[in-house]
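Both counts, for ligands and for their atoms, begin at 1 and track the order of listing.
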Amino acid sequence: MARKKLVAANWKMNLTLEQAAEWLADVDEMLQERHADVVVFPSYVFITDLMDMYEGDLLLFGAQNCSHVESGALTGEVSAMQLASVGIDYVIIGHSERRTYFGETNEIIRQKLKVAVKHELLPVFCCGEPLEIRNQGKQQEYVLQQLRESLFDLSPAEIADVTIAYEPVWAIGTGINATPGQAQEMHSFIRGQIEERYGKQISGHIRILYGGSCKPDNAAEIFACPDVDGGLIGGASLKADDFVKIVMAAAL
Ligand code: 13P
């Protein structure tokens with residue numbers, strides 16, 4: 001069965017509530033039918049405001065992060081259980097900015113995945129290599145280690161609802177995107193590793209998104225790769241019309 005594409009807007013720490021509400025209204029007007037699954041990842045503070053505001057049925061909502069533990073004395077953190085309790089569907093786990101600026105290790109990310117699936121959130125697990133690793137030609141070993149130390153701790157039942165996002169760090173916010181060939185090569189490698197660990201049924205079903213300077217003018221060729229099942233979009237998701245163009249590219 002063909003995998004349905006998923007296109008996600010990771011707004012990171014951008015947009016005010018007012019700007020986000022305007023984006024929502026614009027995207028809803030432009031996206032008249034479901035070209036792909038579309039998920040929006042706003043800042044925690046107004047996810048539920050946007051969910052309440054949104055009257056359509058084309059968009060799903062997610063959080064950009066969650067804590068690695070269930071609950072407790074962790075000032076400023078938000079738990080998976082809390083996200084689930086307000087009806088949030090998705091959660092991004094292991095984004096490279098969390099790894100780089102907040103010291104998240106593969107072990108912490110493993111714990112986050114566990115707690116997220118326990119509360120029936122749908123994780124978008126991010127992996128990807130920095131530039132120096134790509135320059136050494138060791139990107140597959142690097143990504144495999146991220147998979148082994150975090151994702152592969154999940155049982156077959158737990159991984160079934162995970163989405164993977166391959167986000168080469170050198171392509172994030174730099175304007176330099178991976179070529180379709182580079183993206184396909186890594187996506188097919190990741191799918192092959194999933195197959196080895198979990199079998200063909202799961203590897204054939206799991207969605208692998210590409211993230212890293214994906215824009216209206218390069219989305220279609222990247223999404224056309226057989227193992228690319230959509231995108232996790234940063235900068236280009238902030239403008240409603242650019243984002244809608246990217247979603248449309250997933251339907252080609
Ligand atoms: P850019 O699209 O801005 O490169 O960001 C990609 C990303 O990090 C999405 O999570």
inquiry  = Can you confirm if the aromatic rings of Tyr210 and Phe223 lie within a centre distance of less than 6.0 Å?
reply    = no

request  = Begin from the C-alpha positions of Val27 and Asp241 and carry the test side-chain contact (heavy atoms from CB on, under 4.5 Å) through to its verdict.
outcome  = CA-CA 7 Å; Val27 167; Asp241 52 347; over 6 Å; no

Going by the order shown, which atoms of ligand 1 are within less than 4.0 Å of some heavy atom of [X]?
X: Glu167; answer: 6 (C), 7 (C), 8 (O), 9 (C), 10 (O)
X: Gly212; answer: 4 (O), 6 (C)
X: Gly173; answer: 1 (P), 3 (O), 4 (O)
X: Ala171; answer: 4 (O)
X: Asn10; answer: 9 (C), 10 (O)
X: Gly234; answer: 1 (P), 2 (O), 3 (O), 5 (O), 6 (C), 9 (C)

query = Are Arg148 and Asn106 close enough, and set up right, to give a side chain to side chain donor-acceptor pair (under 3.5 Å), and what steps lead you there?
reply = CA-CA 9 Å; Arg148 283 199 176 131; Asn106 288 342; over 6 Å; no

query = Polar-atom distance check: Gly211 versus ligand 1, any N or O pair below 3.5 Å?
reply = no

query = Looking at atom 3 (O) of ligand 1, what's its closest protein heavy atom, distance included?
reply = Gly235 N, 2.8 Å

ask   = Any idea which protein heavy atom is nearest atom 5 (O) of ligand 1, and the distance to it?
value = Lys12 NZ, 3.2 Å

Within 45° cone of Phe102 ring axis and under 6.0 Å: Arg98 NZ or CZ = yes

ask   = For ligand 1, is there an atom lying under 4.0 Å from some heavy atom of Ala236?
value = no

message = Evaluate Phe243 against Val7 for side-chain contact (heavy atoms from CB on, under 4.5 Å), listing each step before the verdict.
response = CA-CA 9 Å; Phe243 183 67; Val7 182; 3.8 Å; yes

inquiry  = Is it true that Glu132 and Trp170 share a donor-acceptor pair across their side chains at a distance under 3.5 Å?
reply    = no

key: Gap separating the CD1 atom of Ile88 from the OG1 atom of Thr48, nearest 0.5 angstrom   = 6.5 Å

inquiry  = With a sphere of 6.0 Å drawn around CD of Gln19, does it hold more than 12 non-hydrogen atoms of other residues, nucleotides or ligands?
reply    = yes

query = Can you tell which part of Leu232 has a heavy atom less than 4.0 Å from ligand 1: side chain, backbone, both or neither?
reply = both

